[in-house]
Amino acid sequence: PINEKLNIWIVNHKDSETSPWLFVVAGDLLAVGLNSYPVAKLLDVGFTIKNYYENALKNNPDFSPGNVSLAQWYFYAPFLAGGNKKKAQALFETGIETANGIGEQFFANLYYSQFLLDQKDKSGSKDAFSTAQTIQPNSKKLDFIKMLNDNGYTYFYYILNKDKVDKKLGL
């Protein structure tokens, strides 16, 4: 129901009247529930998510959360649907460069670290993760992700394979 309300609001307002945060939140809410859609609707929902993230950046290309969210879309999307790891990397890097405040810096570095680890750049991943740890040294989320990483899993892999990883790690 919230997705429907957000979509109705977005459709009935100009992009310039809509906060980039609203676009990111709308995209994130759809993305979280992506596995609940029938296969026939996945492509449409996936492109709606991408459109929301692109709209978040339309009037403010330096909006770090929009860059990080669109980067994740390019990371997760299948190649045939437009997924592109090089675009994802560029967007993650822009997200770090344009991050305002420690919250944006934390998440941009955290997610970039997981992207780099997936791409087998262990040194770069360690540096980005370390930056996130410096920002939030007592983060239980970081402790959990470090445990995943130490066991050969990225957080991105975990999100898609939670039950499988939990079973393997006895969680």
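Values reported hereafter were calculated over all heavy atoms of this structure, with side chains retained and with hydrogens, waters and symmetry mates removed.
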Strictly under 6.0 Å, is that where the ring centroids of F156 and Y76 end up?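 Ring-ring flag for F156/Y76: true, centres closer than 6.0 Å.
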Under a 4.5 Å side-chain heavy-atom rule over Ile, Leu, Val, Met, Phe, Trp and Tyr, are [X] and [Y] clustered together?
X: I2; Y: I10; value: yes
X: L29; Y: L42; value: yes
X: L30; Y: V32; value: no
X: L160; Y: V45; value: no
X: V165; Y: I145; value: yes

Is it true that a side-chain atom of [X] and a backbone atom of [Y] form a donor plus acceptor pair closer than 3.5 Å?
X: S125; Y: D121; result: no
X: W73; Y: G46; result: yes
X: S130; Y: K126; result: no
X: N67; Y: P61; result: yes
X: S113; Y: L110; result: yes

[X] side chain near [Y] side chain, heavy-atom distance below 4.5 Å:
X: L169; Y: M147; result: yes
X: F75; Y: Q89; result: no
X: F107; Y: P65; result: no
X: I96; Y: Q105; result: no
X: L34; Y: I49; result: yes
X: T18; Y: N55; result: no
X: Y155; Y: F115; result: no
X: L116; Y: F92; result: no

Which pair of non-hydrogen atoms, one from [X] and one from [Y], has the smallest distance, and what is that distance?
X: A56; Y: V24; answer: CB-CG2, 3.8 Å
X: S64; Y: A108; answer: OG-CB, 4.3 Å
X: A128; Y: Y112; answer: CB-CD2, 4.2 Å
X: F106; Y: S139; answer: CZ-OG, 4.1 Å
X: E104; Y: T98; answer: OE1-O, 4.1 Å
X: K87; Y: N84; answer: N-OD1, 2.9 Å

So, is the end of the K85 side chain (NZ or CZ) under 6.0 Å from the ring centre of Y74 and within 45° of the ring's axis?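 Output no; distance or angle outside limits.
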Tell me, which pairs form a salt bridge (charged side-chain N to carboxylate O under 4.0 Å, His left out) where one or both residues lie in residues 144-155, sequence neighbours left out?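 Every pair satisfying salt bridge (charged side-chain N to carboxylate O under 4.0 Å, His left out) with a residue in residues 144-155: K146-D150.
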Is it the case that the side chains of [Y] and [X] hold a donor-acceptor pair, with the cut-off being a distance below 3.5 Å and no angle test?
X: D166; Y: Y158; answer: yes
X: Y153; Y: K164; answer: no
X: N149; Y: Q114; answer: yes
X: Y53; Y: D28; answer: yes

Between atom [atom1] of [X] and atom [atom2] of [Y], what is the distance when rounded to the nearest 0.5 Å?
X: N51; Y: K58; atom1: CG; atom2: NZ; value: 7.0 Å
X: L6; Y: I8; atom1: CG; atom2: CD1; value: 9.5 Å
X: I135; Y: T131; atom1: CD1; atom2: OG1; value: 6.5 Å
X: I102; Y: T134; atom1: CD1; atom2: OG1; value: 12.0 Å
X: L171; Y: L148; atom1: CG; atom2: CG; value: 7.5 Å
X: K141; Y: D143; atom1: NZ; atom2: CG; value: 12.5 Å

Please report the C-alpha distance between Y37 and D44 in whole Å, then the side-chain angles of each, then the deciding distance to 0.1 Å, and finally whether the side chain to side chain contact (heavy atoms under 4.5 Å, CB included) criterion is met. CA-CA 10 Å; Y37 288 95; D44 183 49; over 6 Å; no
For the pair F23 and Y52, name the ring-plane relationship: parallel under 30°, tilted 30 to 60°, perpendicular over 60°.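 It falls in the tilted class, 30° to 60°.
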